[in-house]
Amino acid sequence: MTSFSPRVFSGVQPTGNLHLGNYLGAIAQFVPLQDRMPTIYCVVDLHAVTAKFEPEHLARTTREVTAAYLAAGIDPKKAIVFNQSQVKEHAELAWIFNCVARMGWLSRMTQFKEKAGKNRENASVGLFAYPSLMAADILAYRATHVPVGDDQKQHLELTRDIAQKFNNDFAERIAQLGLGVPNPTPSPELPDELYFPLTEPIIAGPATRIMSLRDGTKKMSKSDPSDLSRINLRDSAEEIAKKIRKAKTDPEPLPSEEEGLAERAEAANLVGIYAALTGGTKADVLRDYGGQPFSVFKPALADLAVSKLAPMADEMNRLLADPATIDAVLKDGAERAGAIAEPVLKDVRAICGFLDVR
Ligand code: AQP
């Protein structure tokens with residue numbers, strides 16, 4: 001290989017309650033990329049077991065994320081769509097990365113601190129090591145780009161740190177075995193030849209962090225106990241309208257300029273959602289609604305959200321009524337993903353020096 005071939009990898013956890021943030025921040029960004037380069041979209045079920053989960057729901061939520069991918073416009077003939085647990089190379093590479101990553105690096109991850117909360121001692125080791133598995137998900141395909149929401153930025157930086165340390169620690173063996181790729185961005189911190197690329201995040205659009213409808217300082221999240229905090233992708237039109245009507249706001253009308261949103265987290269969030277749903281900018285929205293009260297803006301936002309999400313929910317429901325077709329997509333995807341990850345792990349085992357007797 002003379003250079004890393006561009007390849008996209010991303011994933012969504014099947015933890016239930018897929019919401020507007022997952023859609024605007026991630027899934028909607030996945031769709032156009034499938035026409036620009038090879039893409040791999042995973043349902044990351046191994047991540048879903050790092051916190052309390054119901055085994056009897058996991059298959060259903062795995063199919064639900066797959067249905068959301070397909071309903072959003074991901075074409076499984078173009079993109080590889082599969083569930084993580086079906087390709088064993090993810091778990092194997094994660095173990096090696098657990099031995100590359102440092103305790104200090106993982107201890108600094110804000111998502112672990114938030115999710116473990118005050119009860120850190122009781123959090124699973126899997127939750128702590130989650131970023132190593134995420135690095136393995138990406139690097140098992142030597143993916144060069146990862147579209148994600150803003151909350152995953154720190155994990156992507158850790159993926160680069162792991163790749164960099166692996167490339168450095170094993171530089172001699174990578175060169176000896178002839179497995180290196182010329183470093184596209186030579187620097188004193190890195191050898192001339194790399195095995196793993198330094199993956200770039202793609203954090204794009206006006207909706208990289210959609211906030212809770214109940215609290216503009218917290219991100220919209222599947223695990224928020226209040227269902228009113230998020231718009232679920234399969235909510236009915238009535239539920240969507242109710243949640244937007246009840247969304248926390250302030251008494252002021254919308255400003256005409258973006259600077260006027262600076263201290264108004266809830267207003268900024270709703271304007272950002274409107275912008276993302278129309279494919280425009282916050283400035284465009286304020287040009288139309290500046291000076292208007294929320295009693296005018298909220299119904300317009302509700303109509304817009306329903307018009308965009310209802311067809312997707314209908315398509316998800318149609319797909320979910322036929323689980324065999326979803327499973328066939330996942331099976332085909334797992335075979336195609338495995339065919340890429342298997343030789344990468346063969347290289348990694350050789351680089352690490354494991355005795356191969358089979
Ligand atoms: N609020 C958000 N705004 C924009 N993007 C978001 N994403 C998540 N929440 C928002 C993006 O969705 C993708 C899939 O996320 P995930 O399922 O891997 O888990 P997460 O980031 O931990 O999302 P949640 O919804 O908050 O789930 P729980 O509550 O289970 O932890 C990612 O690209 C993420 O950035």
Side-chain angles (χ1 to χ4, degrees), residues 8-31 33 39-54 57-58 61-62 64-66 68-69 72 74 81 83-84 90 109-117 123-124 126-127 130-131 133-138 143 145-159 199-227 229-234 243 247 265-266 268-270 272-273 275-277:
V8 164
F9 177 94
S10 198
V12 173
Q13 294 185 68
T15 36
N17 299 328
L18 268 185
H19 55 75
L20 190 64
N22 298 131
Y23 174 64
L24 294 175
I27 301 173
Q29 310 301 322
F30 297 174
V31 182
L33 290 168
T39 44
I40 303 177
Y41 296 130
C42 186
V43 184
V44 288
D45 50 5
L46 294 174
H47 286 279
V49 303
T50 55
K52 191 167 163 30
F53 73 105
E54 306 288 347
H57 293 164
L58 193 52
T61 50
T62 298
E64 200 173 306
V65 175
T66 313
Y69 282 172
I74 292 172
V81 175
N83 58 317
Q84 188 187 23
H90 290 246
M109 294 297 110
T110 51
Q111 195 179 80
F112 173 72
K113 290 183 198 164
E114 280 164 21
K115 289 197 173 176
S124 74
L127 187 67
Y130 177 116
L133 177 58
M134 181 164 157
D137 299 336
I138 297 162
H145 295 86
V146 179
V148 276
D150 180 67
D151 60 318
Q152 293 296 333
K153 199 170 165 194
Q154 198 187 27
H155 289 162
L156 255 300
E157 281 160 13
L158 191 100
T159 299
T199 308
E200 298 284 347
I202 303 177
I203 302 175
T208 57
R209 185 181 284 257
I210 301 287
M211 308 310 279
S212 155
L213 298 180
R214 305 303 296 161
D215 178 351
T217 64
K218 270 172 50 186
K219 85 168 182 128
M220 189 177 282
S221 172
K222 302 188 201 91
S223 50
D224 193 314
S226 165
D227 195 54
S229 69
R230 66 181 159 261
I231 295 174
N232 301 305
L233 293 189
R234 292 171 73 202
K243 287 175 180 181
E266 282 85 11
N269 190 36
L270 295 186
I273 292 174
L277 287 171

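Quantities reported herein were computed from a predicted structural model and do not represent experimental measurements. We count ligands from 1, going down the list as the structure has it; atoms in each ligand are counted the same way.
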Worksheet entry | Residue list, side chain to side chain contact (heavy atoms under 4.5 Å, CB included) with Asp227, at least two apart or on another chain | Arg230, Asn232, Lys243
Response to the item:
For Phe9, the ring-ring contact (aromatic ring centres under 6.0 Å, His included) test, sequence neighbours excluded, returns Tyr141
Worksheet item: Will you find, in the side chains of Tyr130 and Gln13, an N or O donor that is under 3.5 Å from an N or O acceptor?
Response: yes
Worksheet item: What is the minimum heavy-atom distance between Pro131 and Leu158, and which atoms define it?
Response: CB-CD2, 3.3 Å
Worksheet item: Who pairs with Thr15 by side-chain hydrogen bond (donor to acceptor under 3.5 Å, both in side chains), at least two apart in sequence or on another chain?
Response: Lys222
Fill in: Residue shell around ligand 1, heavy atom under 4.0 angstrom
Gly11, Val12, Gln13, Thr15, His19, Gly21, Asn22, Gly25, Ala26, Gln111, Lys115, Val148, Gly149, Asp151, Gln152, Ala207, Thr208, Arg209, Ile210, Lys219, Met220, Ser221, Lys222, Ser223
Worksheet item: Does the side chain of Asp224 come under 3.5 Å of the side chain of Ser226 through a donor N or O and an acceptor N or O?
Response: no
